[in-house]
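Predicted model, so just to flag it, every value in this text is computed and none were measured.
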Amino acid sequence: MSRASLLEISRTARARARALWGLVVRQVTLFLVTIEHTWRRSLQVRVVTLTLVVSSLLVAVFAYVVAYRSSTILLDRAKQSVDAQLDSGQAFASEQLIVFGKPFEPNVRGTLQDIVSNLAGGDSQDPSSGLVVVRADNVNEITAVQSRPGDISGVLGGDITRVVRDGGRATAIRSGNLGAGQVKYLVKGTPVSTKFGQVELYYIEPLTTQDSAATQINATVLATGATLVLLLGLLSALVTRLVVRPVRVAARTAQRLSAGLLDQRMVVSGEDDLALLAASFNQMAANLQRQIVRLEDMSRLQRRFTSDVSHELRTPLTTVRMAADLIFAERERFPADVSRTAEILQTELDRFESLLTDLLEISRYDAGFAMLDAEPTDLVPLVHRGVEPLRALAERCGVELRVEVPASPVIVEADPRRVERILRNLVGNAVEHAEGRPVVVRLVSDGVAAAVAVRDHGLGLKPGEEKLVFNRFWRADPSRARQTGGTGLGLSISLEDARLHGGWLEAWGAPGQGAQFRLTLPVRAGDRLTASPVRLVPEDADVPAVTPPPQPRAITQAPAEVAP
């Protein structure tokens, strides 16, 4: 096979391995996300999981204590039994060897064999039984004697024989193979005094029975603990279900209520705390339904009253307008005081007519009948059209109007009539509060959104007033005389116009530093705004340039068009 073929196979294998690894990572991530989502959303899962974890820890501690105590008790009993045998064997061996004065006497070896056989019992040749060993390391003439043959060097260590050789008793637990496989042994040794020197007596008892009993106890405790943990988990699941189910029903009922289904109620069963919760919830829902219905009726009557009054006032206003126009046209033939009265009447009629127009527009917004007639519009000439009618007012107030627009067109899908009305309201408001200082109107676009900023350097706004300015009939200084004779509804209507476009209308101001109003519109109708190409806080402001978050209602999509 050529080198190129090998390289191609290697690349293919690596690509498949990367793809497989990516699949595994995605599946694991999806699994972890699902678990995390379930943990956050389900109270029952959290309660059951915590119950299982805590009960498992408690059962594990209990099982460890029981297993440890059981093993300790069994081992202590084995030690006591071997100690008793060791005492008896020590006395027996001492009696049998007391008659010998020298280690090389003919019957010493046979006596040692008899001692070992007597102490080992009848099953001394069984590999699973214990061993009895007699040694005399301090007496060269005597060799070790065992109850059955086998290599005990691994079990009978030097540390044990050293203690016994020095005249003390020794106890140890060793593992070894003495013919019955790898087994744990309890080793005990004691010295036996004779006339010819010291003899060492060792008992090597297997702990097979004790280990088997401890294993059975451990298995029983673990099985009981696992069963108990599962039963506790099942019990906690049942209990939490009894509690969580009514809460979930209440949550679903509350969601339906918030969606407008005011006739939704919970089922009340029993007389316990949950039944009291359901009854209280139903009572609350009934009270809310009555209040909402009453408020809706009042709001509907208010909107209808505003609309009816606005329409009904049109007819007498038209008649009064005709008479006032006739008097105003002939005012030069009247005395000076009558002529002045005719001028005041004409001005107030103009303001009254503007107020009726704004009230009709507000009533359409309140009734949900406002319709957006969006079309591709160049904002550059639209800004000029919104500013030009106010130049005469600006000159009368001693205010310089500056317009900064791009040289190229700024095309936006918008309703030109509403955008122009917003600009007139913003510029008129800026001229009204400019205190003779310049007003700058700036248009900027980044291809996604277009923004118009109207900046004045007048009195400015106090903290918190940047939201109040859009309230109906709100004035920063009620004692201050108006130059434009506005109705107090201009900024409220402008805010609704901006929302109808899916845009933002925001205000900033600081005492003594003026104010800036920013209108931001999406280039394409229906797009969601995420940022504005113009900072809300002007660069020349002596405050930290931190742009507040957009208003939640202004971020939403433009409302659907509803024909009146």
Side-chain angles (χ1 to χ4, degrees), residues 358 361-362 364-365 368 370-390 401-430 439-456 466-467 469-470 489-509 515-538 547-562:
D358 290 346
E361 189 69 22
I362 286 291
R364 279 194 288 270
Y365 275 115
M371 184 173 60
L372 184 67
D373 189 12
E375 61 183 34
T377 304
D378 187 1
L379 293 184
V380 174
L382 193 63
V383 170
H384 287 293
R385 288 203 307 269
V387 172
E388 289 304 323
L390 297 169
L401 274 178
R402 303 175 188 170
V403 179
E404 300 176 2
V405 295
S408 58
V410 178
I411 306 300
V412 174
E413 294 182 5
D415 188 337
R417 178 181 65 86
R418 297 182 185 277
V419 175
E420 186 176 348
R421 180 168 59 190
I422 296 173
L423 294 176
R424 285 200 306 268
N425 287 327
L426 296 182
V427 175
N429 182 73
V439 173
V440 180
V441 182
R442 187 158 59 102
L443 171 63
V444 179
S445 176
D446 59 3
V448 177
V452 181
V454 180
R455 173 80 163 103
D456 68 76
E466 64 275 2
K467 296 180 180 179
V469 293
F470 298 105
L489 297 173
L491 292 179
S492 300
I493 296 175
S494 299
L495 180 62
E496 297 295 340
D497 284 338
R499 289 173 177 170
L500 194 62
H501 284 82
W504 304 337
L505 182 57
E506 302 160 284
W508 169 89
Q516 176 165 288
F517 286 77
R518 181 183 69 180
L519 170 66
T520 307
L521 300 175
V523 172
R524 289 181 297 273
D527 285 357
R528 182 184 294 272
L529 291 177
T530 57
S532 177
V534 176
R535 288 172 46 182
L536 180 59
V537 180
T547 303
Q551 300 176 10
R553 290 182 58 189
I555 301 179
T556 57
Q557 295 283 355
E561 298 181 0
V562 180

Are Arg455 and Trp508 side-chain neighbours, meaning at least one heavy-atom pair lies under 4.5 Å? yes

At what distance, to the nearest 0.5 angstrom, does CG of Leu401 lie from CG of Asp456? 11.0 Å

Would you check if the side chain of Asp378 reaches a backbone N or O of Val410 as a donor-acceptor pair within less than 3.5 Å? yes

Would you name the heavy atoms of Ala498 and Leu519 that are closest together and state the gap between them? CB-CD1, 3.8 Å

When you compare the side chain of His501 with that of Val412, does any pair of heavy atoms fall below 4.5 Å? no

With Asp497 as partner, the option from Arg417, Arg421, Arg424 fulfilling salt bridge (charged side-chain N to carboxylate O under 4.0 Å, His left out) is Arg421

Once rounded to the nearest 0.5 Å, what's the spacing between atom CG of Asn429 and atom CG of Leu491? 5.0 Å

Contact summary for Pro409 and Val380, nearest pair of heavy atoms: CA-CG2, 4.3 Å

How far does CD of Glu506 sit from CG of Leu495, to the nearest 0.5 angstrom? 10.0 Å

Can you check whether Val439 reaches Val454 side chain to side chain, under 4.5 Å on heavy atoms? yes

From CA spacing to verdict: side-chain contact (heavy atoms from CB on, under 4.5 Å), Leu423, Val387: CA-CA 7 Å; Leu423 294 176; Val387 172; over 6 Å; no

Go through the steps for Thr520 and Leu529 under the test side-chain contact (heavy atoms from CB on, under 4.5 Å), then give the verdict. CA-CA 8 Å; Thr520 307; Leu529 291 177; 3.9 Å; yes

Are Leu443 and Val534 packed together at the side-chain level, in the sense that at least one heavy-atom pair is separated by less than 4.5 angstrom? no

Just by modelled atom types, is the Asp373 backbone N or O under 3.5 Å from a matching donor or acceptor in the Asp415 side chain? yes

Which heavy atom of Ala531 sits nearest a heavy atom of Trp504, and at what distance? N-CH2, 3.7 Å

What one should report as the nearest heavy-atom pair of Val523 and Ala450 is CG2-N, 4.4 Å

Check the surroundings of atom CZ in Arg524: do more than 12 heavy atoms from other residues, nucleotides or ligands lie under 6.0 Å from it? no

Please confirm whether the backbone N or O of Glu413 pairs with a side-chain atom of Thr377, one donor and one acceptor, at under 3.5 Å? no

With a 4.5 Å cut-off on side-chain heavy atoms, are Leu505 and Leu426 touching? yes

Any donor-acceptor N/O pair, Gln516 side chain to Leu536 backbone, under 3.5 Å: yes

